[in-house]
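Input: a single structure, listed below in structure tokens.
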Amino acid sequence: MRITIAGAGIGGLATALSLHAAGFEDVVVHEAAPEIRPLGVGINLLPHAVRELTELDLADRLAAIAVPTAELAYFNRYGQAVWAEPRGLAAGYRWPQYSVHRGRLQLLLLDAVRERLGGHAVRTGSRITSLRHDSDLLVGADGIHSAVRSALYPDEGAPPWNGLVLWRGTTYGTPFLTGRSMIMAGDGTQKFVAYPIGDGHLVNWIAEQPLHGEPPERGNWNRPADPAAIAGHFADWTFDWLDVPALITAAEAAYEYPMVDRDPLPSWRRDDVVLLGDAAHAMYPVGSNGASQAIIDARVLAHSLATTGGTAAYEELRRPATTALQLANRQQGPEVVMRLAHERAPDGFEDIEHVVPLAERTEIAAAYKRTAGFDPVLLNERPTWSVR
């Protein structure tokens, strides 16, 4: 079976590796960019995605470039703790959760593809622009602006924007809290996220707030922004354990991105074409799920092709799951606890239990894990998607 993959991002490369592991040798990845460079900033890989990379024999390589996340903690805009929970191995998973530079992860996957499938398996400067191809299957893994998706749904238009803008950057700084904590602080409108990547002293951060007027280019993660101007929006967010404006200001570079996603589709496939990753289900960057879901797509697609010879089983399993996740992220996912704390105690609180009781916070976190597919018991007990 000859398979063409459009896009050499995390989803496309993970698909090539998954297909190879499932016995498919004639796989070629086409990347529009003339060169694959380690662009971007930090992302998180949840335990269900780390499981798939582990089963692709990439665990040691991943551990060498990533920080194992110890905890996820939510705070209000005054730095008061709303909710915290252990993550990865400390939460009972059989696999860690990792924070990693997106570009370094992409290069890790690229190296593995070239080692296992050969140097010819990835062709740069080669853009797939239509549904015409000379293989048995075309996999559209070409991102939120997917040409393959556009060919399937030519009347869809631009990704819808929700009125928020994200700024992203990295700053060398002093480790905070556990030194491996991922924190989110906010009030349901403004939000700040930070977590260590690389050597643990490089902090990845995201700042978010509403933007009045027309958004910048939708879906472009690499639009430069001024760190000092961003810090001005968070000037009073100085906590005992983290100086938010100082962290933002010290960044060498920052990037602006309008908060966009894609509406769920009625189908991901047609004849000899199928969609995957952001091309299939681009979602708001809530709950650390974008890259993780693309990796899971890749594994399920390979399993579907190897065990059934087609893509129907892949879509049957993945499309309802990611549709539910897209809609949950539009409602702020597990981050809703910050909005609830602000609505009920806008000036802060003395005891979070009187504002958002523990039972409510626990169920919000557990419900999102079930929706996103990383409930620890279910994930630990789920059969593998490896086929040999």
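What you see is a predicted model; the values in this text were computed from it and never measured.
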### Task
Compute whether any side-chain donor of one residue and acceptor of the other, for S150 and E156, lie under 3.5 angstrom apart.
no
### Task
Walk me through it: do V50 and Y98 pass the test side chain to side chain contact (heavy atoms under 4.5 Å, CB included)?
CA-CA 8 Å; V50 176; Y98 283 123; 3.8 Å; yes
### Query
Say you draw a straight line from CD1 of I3 to CG of L138; how long is it, rounded to the nearest 0.5 Å?
10.5 Å
### Message
Looking at A279, is its backbone amide N or carbonyl O close enough to the side chain of S146 to form a donor-acceptor pair, meaning the two atoms are under 3.5 Å apart?
### Response
no
### Query
Does one side chain, of W205 or T171, offer a donor that lies under 3.5 Å from an acceptor on the other?
yes
## Note on the structure
Taken to the nearest 0.5 Å, the spacing of L13 CG from L108 CG works out to 10.0 Å
### Query
Would you say the side-chain atoms of S304 pair up with the backbone N or O of G310, donor to acceptor, closer than 3.5 Å?
yes
### Query
Does Q293 reach the main-chain N or O of A372 with its side chain, forming a donor-acceptor pair under 3.5 Å?
yes
### Query
Does the S181 side chain pair with the main chain of I183, one donor and one acceptor, at a distance under 3.5 Å?
no
### Query
How long is the gap from CH2 on W83 to CZ on F75, to the nearest 0.5 Å?
13.0 Å
### Query
Taking side chain as C-beta onward, heavy atoms only, is V67 less than 4.5 Å from V100?
no
### Message
So, taking the atom named NE2 in H145 and the one named CG in D278, what distance separates them when rounded to the nearest 0.5 Å?
### Response
10.0 Å
### Task
Would you check if the side chain of Q332 reaches a backbone N or O of G188 as a donor-acceptor pair within less than 3.5 Å?
yes
#### Entry: Charged N-O contact under 4.0 Å between R370 and D375
no
### Query
Got a second to check how far I144's CD1 is from D142's CG, nearest 0.5 Å?
11.5 Å
### Query
Between the side chains of R102 and Q106, is a donor N or O closer than 3.5 angstrom to an acceptor N or O?
yes
### Message
Looking only at the side chains, is there a donor atom on one of H281 and D261 sitting less than 3.5 Å from an acceptor on the other?
### Response
no
### Query
Which atoms form the tightest heavy-atom contact between E55 and T384, and what is the distance?
OE1-OG1, 2.7 Å
### Message
For the backbone of L152 and the side chain of R270, can you confirm whether one donor and one acceptor N or O come within less than 3.5 Å of each other?
### Response
yes
### Task
Taking the side chain as every heavy atom from C-beta outward, state whether N289 and L325 have any atom pair closer than 4.5 Å.
yes
### Message
Would you say H101 and N204 are linked by a side-chain donor-acceptor pair, where the criterion is simply a distance under 3.5 Å?
### Response
no
### Task
Step through the shown structure and confirm whether more than 12 heavy atoms of other residues, nucleotides or ligands are within 6.0 Å of CG on D60.
no
### Task
Enumerate the residue pairs fulfilling ring-ring contact (aromatic ring centres under 6.0 Å, His included) with a member in residues 12-63, sequence neighbours excluded, ordered by first and then second residue.
H48-F374
### Task
May I ask you to check whether Q209 and H233 show a side-chain donor-acceptor distance below 3.5 Å?
yes
### Task
Establish, from distance only, whether the side-chain atoms of R299 and S386 form a donor-acceptor pair under 3.5 Å.
yes
### Message
Looking at R344, I want to see if its CZ is surrounded by more than 12 non-hydrogen atoms of other residues, nucleotides or ligands under 6.0 Å.
### Response
yes
### Query
Is L109 linked to V41 within one hydrophobic cluster, defined over Ile, Leu, Val, Met, Phe, Trp and Tyr using a side-chain heavy-atom separation of less than 4.5 Å?
no
### Query
Is the closest side-chain heavy-atom distance between Y257 and R223 below 4.5 Å?
no
### Task
Applying ring pair (Phe, Tyr, Trp, His ring centres under 6.0 Å), run through Y314 and W385 and close with a yes or a no.
CA-CA 11 Å; Y314 158 69; W385 283 317; over 10 Å; no
### Query
V260 and N162: side chain to side chain contact (heavy atoms under 4.5 Å, CB included), yes or no, with the steps?
CA-CA 6 Å; V260 296; N162 71 352; over 6 Å; no
### Query
D297 and R318: salt bridge (charged side-chain N to carboxylate O under 4.0 Å, His left out), yes or no, with the steps?
CA-CA 7 Å; D297 285 352; R318 294 299 295 149; 2.7 Å; yes
### Query
Mind checking whether L166 and P285 have side chains closer than 4.5 Å, heavy atoms only?
yes
### Query
Would D263 and R330 count as a salt bridge (charged side-chain N to carboxylate O under 4.0 Å, His left out) if you check the C-alpha gap in whole Å, the side-chain angles of each, and the deciding distance to 0.1 Å?
CA-CA 11 Å; D263 291 327; R330 287 182 174 181; 2.6 Å; yes
#### Entry: Geometric class of the F234/W237 ring pair [parallel <30°, tilted 30-60°, perpendicular >60°]
perpendicular
### Query
Checking salt bridge (charged side-chain N to carboxylate O under 4.0 Å, His left out) for the pair E363/R361: CA distance, chi angles, key distance, verdict?
CA-CA 6 Å; E363 177 53 27; R361 287 174 281 152; over 6 Å; no
### Task
Flag yes if M1 and L117 sit in one hydrophobic cluster, no otherwise; membership is Ile, Leu, Val, Met, Phe, Trp, Tyr, and two members link when side-chain heavy atoms are under 4.5 Å apart.
yes
#### Entry: Stepwise side chain to side chain contact (heavy atoms under 4.5 Å, CB included) check, T174 with H201
CA-CA 6 Å; T174 303; H201 291 269; over 6 Å; no
#### Entry: Check against salt bridge (charged side-chain N to carboxylate O under 4.0 Å, His left out), K191 and E335
CA-CA 10 Å; K191 182 177 75 176; E335 297 170 17; 2.6 Å; yes
### Message
Please confirm whether the ring centroid of Y93 lies under 6.0 Å from the ring centroid of W95.
### Response
no
### Query
Can you find a heavy atom in the side chain of N44 that is under 4.5 Å from one in the side chain of Y195?
yes
### Query
Is there a donor-acceptor contact under 3.5 Å linking the side chains of Y368 and N329?
yes
### Query
Distance only, no hydrogens: is a donor on one side chain within 3.5 Å (strictly under) of an acceptor on the other, for S99 and T69?
yes
### Rounded distance (nearest 0.5 Å) linking atom CG of D226 with atom CD1 of I248
11.0 Å
### Query
Heavy atoms, side chains only, cut-off 4.5 Å: are L62 and T54 in contact?
no
### Task
Test side chain to side chain contact (heavy atoms under 4.5 Å, CB included) on T311 and L301 and set out the steps.
CA-CA 7 Å; T311 59; L301 175 61; 3.8 Å; yes
### Query
Does one hydrophobic cluster hold both L202 and L247, with members joined at side-chain heavy-atom distances below 4.5 Å?
yes
### Message
In the structure I gave you, are the side-chain heavy atoms of L275 and L265 within less than 4.5 Å of one another anywhere?
### Response
yes
### Polar side-chain atom of R319 near backbone of P266 as donor-acceptor pair, under 3.5 Å
yes
### Query
Sub-3.5 Å donor-acceptor pair from the side chain of R149 to the main-chain atoms of G140, do we have one?
no
#### Entry: Closest non-hydrogen atom pair, G157 against R262
O-NH1, 2.7 Å
### Query
Would you say E316 has more than 12 foreign heavy atoms packed within less than 6.0 Å of its CD?
no
#### Entry: W268 backbone acceptor or donor facing E315 side chain under 3.5 Å
yes
#### Entry: F349 vs Q80 side-chain heavy atoms within contact, under 4.5 Å
yes
### Expected output: side-chain R87 to main-chain A70 donor-acceptor under 3.5 Å
no
#### Entry: Basic-acidic side-chain contact under 4.0 Å: R168, E208
no
### Query
Judged by modelled atom types alone, do E256 and W167 share a side-chain donor-acceptor pair under 3.5 Å?
yes
